[in-house]
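The residues of the chain are indexed from 1 along the displayed sequence.
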Amino acid sequence: MEPRLHDPHTADILIIGSGAAGLTAALNLADRFKVTVLAKSRIDDGSTAWAQGGIAAVLEPGDTFDSHVEDTMVAGAGLNHRDTVEFVVESAPRAIARLVELGVPFNQDGNTLHLTREGGHSHRRIVHVNDATGYAVQVALQRAAEAHPNITLVPNRVAIDLATGRHEQRYSGAGHVWGVYAVNRETGRVELFTARATILATGGAGRTYLFSTAPRGATGDGIAMAWRAGCRVANMEFMQFHPTCLYNLDVKNFLITEAVRGEGGWLKLPTTGHRFMPDVDPRAELAPRDVVARAIDHEIKRLGLDYVHLDISHKGAEFVRGHFPTIHEKLLGLGIDMTREPIPVVPAQHYTCGGIIVDHDGRTDLPGLYAAGECSDSGLHGANRLASNSLLECFVFGEAAAKHIAAHWADLPPPPPIRPWDESRVTDSDEEVVIKQNWTEIRRFMWNYVGIVRTTKRLERAAHRIKLLSEEIGDYYGHFRVTPDLIELRNLLQCADLIVRCALARKESRGLHYTLDYPETLPVAADTVLLP
């Protein structure tokens, strides 16, 4: 294959995001096309590398596609689109096989892949690399992308807005997406990247919340950009809170994987040592995440605690070290020996189930724009994501978008001349403290008012704060030169607005959306769709 060196600013296909979804799409396109992949900071800095759990696939004798579909639908409280769930579940074994070909060193049991089990699954079906699967996947995908002559990986570019028909030198209202404007972190200048097709693989909006397991860059950029450009967004009220994030004031967002409960860990009250999950649900610690997170939240609020205990010390030191080497080592460094004592844990925002509406080909509402992974709403997760279906979604939809682009290449017109970014009327910011103050305020009121348990009054308070902040941040954005922090703040606020609007629209409790004003679940499941 002859290398075709290309200017990354004018690729055939532009991918925003360098995690599992973005790199999967890139590798599926690069044999035919020139691909540019933009990353917000380092190439490996997204959520994929943080994923401890694994990838769900039907590989165990006796397990069936129907069973995986059913488990996904039950976790998603019936809001999932069954056709999407079937499409993803049936694509899973093939996705695993391709990762094995790429050299992902999955744990083996003799000649077969070792499968673990997680909450909500009726079978062992999680392939994993110890307790650091995402990192191993990121390394393998990145190695393959770096070696491919047609893929250009561009780090340190913070996307501001999609370039659409509105930005053409001859204005068009057709809404076609031609690429993106992005700030170069190193120079501070805004660059234009154009392409015939653009794929958003920008991850979730977890950093809208005070406590989150998401990496610092998960500020909902793709969701906010797509919304501003004219895409529909759905089901943003369904924010998954991981039940067990390490409680440590120095170490933010260290996740204690679901598999600790899957392999026999117990949740206990630190005051009395009482194991409380059997009182709440017959599945005890193996209940779905929303049930476990609400139970912990209830005990913390009821007793005024800072955390509860997660204890697996009764399983024996060798077992614990063998199953959870990464977590064991990390905790030892913080003075906690999980083979002998419990781990202090709190719930934390973990996954954005809603997002940009896409079809089975990863297509959004706008011509030339695709989305895959956590920034999208494909219908897979419904009202609550089943454990280890997230990386799976990235591989399936990254490939689906790539296939659709390749099959319809002749229908994708080349980009017309696009206007450069206009900085003629702005100055450098004189008050960075404004950004820090607003950032902290958003994350705090989202945690308190739009968290695990909601009420209409709390949601209305959040909506009021968002309205005030929108005016302030809009004014600031209009007057000062864009910086990475300002872009993220603007996107965080936009996502907070979408979450609150969706939450106020849902007059029931379903899956992750739990409101004291509407505790019942309505007989018919309906998506919350927002029209721009």
Practice problem: Determine, stepwise, if the pair Phe241 / His350 fulfils ring-ring contact (aromatic ring centres under 6.0 Å, His included). | Solution: CA-CA 5 Å; Phe241 290 82; His350 183 57; 10.0 Å; no
Quiz item: Does the side-chain contact (heavy atoms from CB on, under 4.5 Å) test come out yes or no for Ser388 and Ile55, once each step is laid out?
Solution: CA-CA 5 Å; Ser388 292; Ile55 306 158; 5.7 Å; no
Practice problem: Just do the side-chain contact (heavy atoms from CB on, under 4.5 Å) check on Thr164 and His176 with the steps written out, would you? | Solution: CA-CA 5 Å; Thr164 68; His176 205 108; over 6 Å; no
Practice problem: Walk me through it: do Ser378 and Glu393 pass the test side chain to side chain donor-acceptor pair (under 3.5 Å)? | Solution: CA-CA 9 Å; Ser378 65; Glu393 182 184 36; 2.8 Å; yes
Practice problem: Might you work through the ring-ring contact (aromatic ring centres under 6.0 Å, His included) test for His242 and Tyr351, ending with a clear yes or no? | Solution: CA-CA 8 Å; His242 196 288; Tyr351 192 85; over 10 Å; no
Quiz item: For Asn389 and Thr72, what are the C-alpha separation, side-chain angles and deciding distance, and is it a side chain to side chain donor-acceptor pair (under 3.5 Å)?
Solution: CA-CA 8 Å; Asn389 270 354; Thr72 302; 3.2 Å; yes
Quiz prompt | Glu423 and Arg189: CA distance, side-chain angles, deciding distance, salt bridge (Lys or Arg N to Asp or Glu O under 4.0 Å) verdict | solution = CA-CA 10 Å; Glu423 282 195 334; Arg189 308 307 301 174; 3.4 Å; yes
Quiz prompt | His513 and Asn235: CA distance, side-chain angles, deciding distance, side chain to side chain donor-acceptor pair (under 3.5 Å) verdict | solution = CA-CA 10 Å; His513 177 69; Asn235 298 328; over 6 Å; no
Quiz prompt | Steps toward side-chain contact (heavy atoms from CB on, under 4.5 Å) verdict (Leu412, Ile405) | solution = CA-CA 8 Å; Leu412 292 164; Ile405 290 166; 4.0 Å; yes
Exercise. Please lay out, stage by stage, how Glu472 and Val434 fare under the test side-chain contact (heavy atoms from CB on, under 4.5 Å).
Key: CA-CA 9 Å; Glu472 197 172 302; Val434 174; 4.2 Å; yes
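Proximity of a side-chain donor or acceptor of Ser18 to a complementary backbone N or O of Ala39 within less than 3.5 Å is not detected. Listed for the Asn80 side chain is a donor-acceptor partner under 3.5 Å among the backbone atoms of Leu380. With hydrogens and angles ignored, the 3.5 Å screen pairs no side-chain donor or acceptor of Asn184 with any backbone N or O of Gly188. Side-chain N or O atoms of Arg32 include one that pairs as donor or acceptor with a backbone N or O of Ala406 at under 3.5 Å. Judged purely by atom type and a 3.5 angstrom limit, Ser376 uses its side chain to pair as donor or acceptor with the backbone of Gly373.
Around the NZ atom of Lys507, the shell of radius 6.0 Å holds more than 12 heavy atoms that belong to other residues, nucleotides or ligands. Residue Arg98 qualifies as enclosed at atom CZ: its count of foreign heavy atoms under 6.0 Å is above 12.
In this structure, CD on Glu374 lies 8.0 Å from SG on Cys394, to the nearest 0.5 angstrom. Atom-to-atom distance recorded for Phe480:CZ and Thr483:OG1 is 11.0 Å, nearest 0.5 angstrom. Rounding to the nearest 0.5 Å gives a distance of 5.0 Å between CD1 of Ile16 and CG of Leu200. Taken to the nearest 0.5 Å, the NE2 atom of His381 stands 11.0 Å off from the CG atom of Leu512. Atom OH of Tyr209 is separated from atom CG of Leu492 by 11.5 Å, given to the nearest 0.5 angstrom. Rounding to the nearest 0.5 Å gives a distance of 6.0 Å between CG of Asp44 and CD of Gln138.
The shortest distance between side-chain heavy atoms of His68 and Leu386 falls below 4.5 Å. A 4.5 Å side-chain heavy-atom check between Ile96 and Phe106 finds at least one atom pair inside the cut-off. At least one side-chain heavy atom of Arg465 sits less than 4.5 Å from a side-chain heavy atom of Tyr449. Counting heavy atoms from C-beta outward, Phe238 and Asp290 have side chains that stay 4.5 Å or more apart. Side-chain contact check for Leu27 versus Leu141: some heavy-atom pair is nearer than 4.5 Å. Thr208 is not listed as a side-chain neighbour of Gln349, based on a closest heavy-atom distance of 4.5 Å or more. Residues Leu489 and Ile473 are in side-chain contact: their nearest non-hydrogen atoms beyond the backbone lie under 4.5 Å apart. Within the 4.5 Å cutoff, the side chain of Thr364 has no heavy atoms near those of the Ile357 side chain.
Note on Glu168 versus Arg170: no salt bridge recorded, every NZ/NE/NH1/NH2 to OD/OE distance being 4.0 Å or above. The residues Arg481 and Asp428 are annotated as salt-bridged, a charged nitrogen and a carboxylate oxygen being separated by less than 4.0 angstrom. Between Glu488 and Arg216 there is a salt bridge, since at least one side-chain N of the basic residue sits less than 4.0 Å from a carboxylate O of the acidic one. A salt bridge links Asp161 and Arg228; the closest N-O separation between the charged side-chain nitrogens and carboxylate oxygens is under 4.0 Å. One finds no salt bridge joining Asp12 and Lys34 here, because no Lys/Arg side-chain nitrogen approaches an Asp/Glu carboxylate oxygen to under 4.0 Å. A salt bridge between Glu191 and Arg157 is present, with a side-chain N of the basic residue lying under 4.0 Å from a carboxylate O of the acidic one.
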Counting only pairs under 3.5 Å, give me each side-chain donor-acceptor contact of residues 217-225, with atom names and distances, residues two or more places apart or in other chains.
from	atom 1	to	atom 2	distance (Å)
Thr219	OG1	Lys40	NZ	2.9
Thr219	OG1	Gly217	O	3.4
Thr219	OG1	Asp221	OD1	2.8
Thr219	OG1	Asp221	OD2	3.4
Asp221	OD1	Asn491	ND2	2.9
Asp221	OD2	Lys40	NZ	2.5

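For the pair Arg490 and Tyr477, the distance from NZ or CZ to the six-membered ring centre is under 6.0 Å and the angle to the ring normal is within 45 degrees.
For Trp50 and Tyr135, the distance between ring centers is not under 6.0 angstrom. Ring centroid separation for the pair Phe87 and Phe397 comes in under the 6.0 Å cut-off. Aromatic ring centroids of Tyr370 and His404 lie under 6.0 Å apart.
Counted by atom type alone, Thr528 and Arg506 present one or more donor-acceptor pairs between their side chains at under 3.5 Å. Side-chain polar atoms of Asp7 and His9 form a donor-acceptor pair below 3.5 angstrom. The closest side-chain donor-acceptor pair between Arg385 and Gln240 falls under 3.5 angstrom.
A side-chain contact (heavy atoms from CB on, under 4.5 Å) with Trp178 is found for exactly one of Pro414, Pro413, Ser172, Pro417, namely Pro413. Only one option out of Thr152, Leu153, Ile15 pairs with Val35 in a side-chain contact (heavy atoms from CB on, under 4.5 Å); it is Ile15. Screening Val450, Ile499, Thr456 for a side-chain contact (heavy atoms from CB on, under 4.5 Å) with Leu504, the sole residue that qualifies is Thr456.
When all heavy atoms of Leu14 and Gly179 are compared, the pair lying nearest together is CD2-CA, 3.9 Å.
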